[in-house]
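Input: a single structure, listed below in structure tokens.
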Protein chains: 2
Amino acid sequence: MQPTQQDVADLAGVSRQLVSLVVRGDKHVSAAKRRAVQEAMATLGYRPNAAARALVERRTRTIGLVTPGFSNPFFGDLADAIRVAASERNLTPLIGSSASVLEVERSVIDRFIEMGADGLILTGSLLSPEAILKIGELVPVCLLNRPPAKGMVDAVLCDDARGEALATEHAVEAGYKHIVFLEDEDADIPQTSANRRQSGFLAAMKKMGRADEAVTITVTGRVSEAVLQAFDIFNSTDVAFICHNDQIAFEAAVEIMSRGMSLGVDVGVTGYDNTALASFYSLELTSIDQGLARMARGAVQMIESRQRDRKAPGRSEMIEPTLVARRSTRRRLWKK
Amino acid sequence: MQPTQQDVADLAGVSRQLVSLVVRGDKHVSAAKRRAVQEAMATLGYRPNAAARALVERRTRTIGLVTPGFSNPFFGDLADAIRVAASERNLTPLIGSSASVLEVERSVIDRFIEMGADGLILTGSLLSPEAILKIGELVPVCLLNRPPAKGMVDAVLCDDARGEALATEHAVEAGYKHIVFLEDEDADIPQTSANRRQSGFLAAMKKMGRADEAVTITVTGRVSEAVLQAFDIFNSTDVAFICHNDQIAFEAAVEIMSRGMSLGVDVGVTGYDNTALASFYSLELTSIDQGLARMARGAVQMIESRQRDRKAPGRSEMIEPTLVARRSTRRRLWKK
DNA sequence: CTGTTAGCGCTTTCAA
DNA sequence: TTGAAAGCGCTAACAG
């Protein structure tokens, strides 16, 4: 049997509620008593019972993070950023993955709600805007990288269009002759970042007076095929690939290197998310950093402020992405 | 205010405990009443309060998974396997990451215990065997891929030595002249799989009569440097790299391809863990599959059986790894 | 099937 | 500072 506050109180020779005060760090406790209680807690190995506390406090100090899974390392990085941001606010993150299956996502969210999560951070969600609004009525919800429908749901966004525009401009300036956008195949899922990133690519091309040269290839099967397709279209390998994310960029880069071409010098590649993949030594992919730490902090704060005012109109916060230039677009410096 | 069982009971015109029976799926409820209750639950949007239930049942039906993080995709795959295995047993996994920091790991474990996790699955733990045994006294613990110290702690292991022996034999049979083991740099952490994998490599080399040719290189900085170092040692590039995990294999493979050599034909590479990295189309790394689904099921079952008998001696279950041969070691078929 | 009674471990309120 | 009392939402054990 785990020791309870009562056990601690008995051992320390104080009242049970005094123990409660000490546990919660109340200031109105004499130093002597506090020490006695702390000693008793230590010798007994006392741990507060979160369920009991949750029951009476009507909050758990947990927030649920729902991701589509961790096969894309971006979400692993995100989970870690959320962990850090949450612990800064003395919260515990509950981490869940939907495996990109709607039904699983629903059940994960249901479980988080039943467990009494104080808020939910949703990313890569498959839910419809209406479904999300409904959840938002039950519990504070903050969307990550997805604009909220009008309602009591908040969002933290990274300016995807801006990010992809940065990548595009960078690639053009680096001097690649042709520029191709490699789009993710699930770009048809509503409200994903794919559309916004593509529009950033298009806008940048237009701005640089090359609107009619803007080519988008949707990756349906192997990335390598899309790469070859691009070389075919231009009848040239002097191409920079603006990729929807690091994973695609990664496969493109490997394909390029495996064909004996030099990454960066012969062919340019940019990724998105600046994950661990991008910084792999042998690759060194130029990528767009979404500022995960800031996004995570923003999301946690959104949840906290909505806890205070459940009826507030939805707010959103926009984070500025930054370009991280690496070897995969470094043509000039490396050109012999 | 969330609706309670009482609210449901009032609406359905039944007793509160009848609602409880319906929620828990008890059989001794007439169909008519059951339907009435379910309707009332639906219209009210009733959700059971997990904290209240946990308080009285003294169990939460959650199990905590503690990983070092998700930068190694293996742990993402593991988390998903645990999610599946847990839900098969009607359990909810709590997923935690220590970011490979001892102090963080401790606090994650503490939180899981306070939250009343029914058991803990530890993997890549930085804790000492003694510390783990102590935790095992508080809550059922199952170690993953780490042999337990003697005590009331269970383990599910994949036979690392056997796995790396499989990879080694495969590479030798494929006909590469020199065989090198690329060891992870944190091989000095006690009880990690690194030692066991290396011993499997050595055993296989010995068995094949090439014990004195067995070379191990520890990756301290860039993998690419280790690769070049190997070429130097042998003054040849006819080498197969037996890598401690897919990430290292991956970097080695990229380095090889970027030097214009053909992966598989010129140089062999094997990984370990059979993660998503290994099956990337442009790479197709031969790797060792640990049988995550079986490991996850085994771990969940270990937890469940220890819940029943907290004092049982520690048990361990060994999973047989399997070789997944792909292009990165396919010399013969591809040789011109 | 229903009602009653009891209590899980904790916070909260109020009076001493 | 402390003690007493109440109650969070639920399950459990029992008698009807």
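Reckoned from all heavy atoms, side chains included, excluding hydrogens, waters and symmetry mates. Chain identifiers are assigned alphabetically (A, B, ...) following the order of the sequence lines, protein sequences preceding nucleic acid strands; residue numbering begins at 1 within each chain.
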- Query: Between A:Asp10 (CG) and C:dG9 (C1'), how many Å, whole number?
  - Reply: 14 Å
- Taking only the side-chain heavy atoms of A:Arg58 (C-beta and beyond), determine which of C:dT12, D:dT2, D:dC8 contains the nearest atom. D:dC8
- Between D:dC10, C:dC10, D:dA12, spot the one nearest the side chain of B:Thr4, thanks. D:dC10
- Item | Short N-O contact, A:Arg111 and A:Glu114, less than 4.0 angstrom | yes
- Item | Nearest-neighbour nucleotide for the A:Ser20 side chain, C:dT11, D:dC8, C:dC8 considered | C:dT11
- Message: Looking at A:Gln17, I'd like to know whether one of its side-chain N or O atoms comes within less than 4.0 Å of OP1 or OP2 on D:dA4.
- Response: no
- Message: Of the options D:dT2, C:dT11, D:dT11, whose atoms approach the side-chain atoms of B:Arg16 most closely?
- Response: D:dT11
- Query: Taking CG from A:Leu55 and P from D:dC10, how many angstroms apart are they, rounded to a whole number?
  - Reply: 9 Å
- How do B:Glu57 and B:Ser15 order along DNA chain C: which one's closest nucleotide is nearer the 5' end? B:Ser15
- Quick one: which of D:dC10, D:dA6, C:dT2 gets closest to the side chain of B:Val14? C:dT2
- Output the single nucleotide from C:dT11, D:dT11, D:dG9 whose closest atom is nearest the side chain of B:Arg24. D:dT11
- Message: Checking B:Thr43 now: which residues fulfil side-chain contact (heavy atoms from CB on, under 4.5 Å) with it, not counting sequence neighbours?
- Response: B:Leu11
- Proximity to the side chain of B:Ala52 - top-ranked nucleotide from D:dG9, C:dT12, D:dA12: D:dG9
- Query: Under 4.5 Å between any side-chain heavy atoms of A:Leu120 and A:Ile113, yes or no?
  - Reply: yes
- Query: Nearest to the side chain of B:Val56, which nucleotide is it out of C:dT2, D:dT11, C:dT11?
  - Reply: D:dT11
- Counting side-chain heavy atoms from C-beta on, which of D:dT2, D:dC10, C:dC10 comes nearest to B:Gln5? D:dC10
